[in-house]
Q: 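One structure follows; several queries about it will come next.
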Amino acid sequence: MNNITIEIKDGIYYLGVNDRETPRFENLWPLNNGVAYNAYLINDEKTALMDTVKITKSEGFLHNFRECIEGRDLDYMVLHHVEPDHAGAIQSLREIYPNVTLVGNKQTRKLLKVLYGMEDLNFLEVKQGSELDLGKRKLTFHLTPMCHWPESMVSYESTDKILFSQDIFGAFGALDGSIFDDEMDYDRIQSEMRRYYSNIIGKQTPMAQRALKKLADLDIEMICPVHGNVWRTHIHRIVDAYTRWAHYRTEPGVVLVYGTMYGSTESIADRLARYLVEEGVKTVKVYDASKTHPSYIINDIWKYNGLIIGSCTYNMDVLPVIQNLISLLGHYKIENHVFGYFSTYGWASGANKKLKAFAEETIFDVIDEKVDINGMPLDEDDDRLRLLAREMAARIHKEEE
Ligand code: FEO
């Protein structure tokens with residue numbers, strides 16, 4: 001049994017499970033530190049379960065759920081988000097509690113049918129601002145479509161001022177014995193939360209902005225997301241950080257990513273990194289795209305305002321790992337970045353054209369300095385690298401002036 005139950009408020013239980021087995025979230029994003037699937041039970045005059053967990057973890061979850069509900073019937077199952085990592089125990093619970101009412105919105109009902117074949121449901125459809133009375137407590141629903149799926153919604157419990165926030169404020173990482181934010185290292189949580197935000201919700205940033213605006217007036221004393229820890233101490237800090245990410249607010253620094261086969265592009269990246277530092281850039285993060293998964297690189301791109309991508313030429317194109325990165329970046333439509341690029345080739349140029357096309361499609365502030373190096377860099381190539389570094393340093397620090 002890998003899960004724990006904790007009474008986080010009088011009659012409200014944390015029923016989360018840790019998953020350290022699944023290698024990748026959505027079969028795409030590495031879970032090197034695992035991930036937690038969180039559910040919560042409110043034992044009031046009515047009982048309400050807030051979401052469930054992934055099916056592979058449902059047995060332990062159901063065991064602990066039974067302990068916390070203390071033999072009562074389950075009145076409501078609130079489905080804030082029905083991606084399979086939160087929907088794995090819905091059917092089992094329906095069989096155990098045939099009278100349970102599922103609570104969701106119009107899109108929830110559609111997805112339950114399409115994804116899980118669930119029809120003829122005992123279903124309560126809620127809209128923006130709908131309320132659900134549980135006795136001493138009352139839930140108010142706010143629709144937050146595309147944070148992360150179309151049916152995504154949150155609920156606010158006004159007695160204890162709790163926001164059940166589904167994927168919003170969620171993070172990668174299993175909870176290694178700590179449930180609350182004040183029991184964990186804030187920097188680690190923040191980084192894994194930003195990696196979750198940038199890679200999972202980042203594509204829908206305008207919708208995240210809308211959701212945050214909707215929630216801005218709520219008096220929140222606790223945030224209970226479906227991934228990551230429960231927030232009760234650093235609420236303002238994390239809401240501020242999340243708001244920054246959702247508005248593409250960055251800090252000065254350069255992410256320098258390269259794709260190399262035999263090291264010459266890498267040596268140019270190292271040279272460029274040095275020139276950036278000489279130009280006064282305090283943070284330069286250099287990544288080999290063949291070695292580091294793009295989710296970590298994108299996490300840093302979300303944090304810093306400078307980006308340089310370099311690639312060797314491969315089949316008259318960029319190296320496939322660079323292609324993968326620029327394809328992901330193309331989805332995100334990131335704002336507030338200065339972009340530069342460089343390329344290398346042995347006998348025929350190709351990568352430069354591709355990087356230039358990528359630059360033209362972005363809304364980045366592009367540095368128009370062509371650096372396409374044939375073999376080992378000559379003096380004039382080196383001059384261009386220095387110019388690229390100088391221009392990058394000047395532009396990323398411009399807002400500070
Ligand atoms: Fe946690 Fe969008 O699933």
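Only heavy atoms go into these numbers, but all of them, side chains included; no hydrogens, no water, no symmetry mates. First listed ligand is number 1; within each ligand, the first listed atom is number 1. Residue numbers start at 1 and run along the sequence shown.
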Q: Please check if any side-chain donor atom of Tyr275 sits under 3.5 Å from a side-chain acceptor atom of Asp382, or the reverse.
A: yes
Q: Does Ser152 reach the main-chain N or O of His81 with its side chain, forming a donor-acceptor pair under 3.5 Å?
A: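 No, the answer is negative, given that no donor and acceptor are paired below the 3.5 Å cut-off.
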Q: Does a side-chain N-to-carboxylate-O contact under 4.0 Å join Glu251 and Arg244?
A: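 The answer is no: the pair does not qualify as a salt bridge.
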Q: Which residue is it: Trp231, Tyr40, Tyr14, Phe169? I am looking for the one with a ring-ring contact (aromatic ring centres under 6.0 Å, His included) to Phe164.
A: Tyr40
Q: Hey, are Tyr196 and Asp167 close enough side-chain-wise for a donor-acceptor pair under 3.5 Å?
A: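 Tyr196 and Asp167 do have a side-chain donor-acceptor pair below 3.5 Å.
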Q: Would you call Glu278 and Arg386 a salt bridge, using N to O less than 4.0 angstrom?
A: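 Answer for the salt bridge query: yes.
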Q: Tally every protein N/O/S atom whose distance to atom 1 (Fe) of ligand 1 is less than 2.8 Å; waters are neither shown nor counted.
A: 4
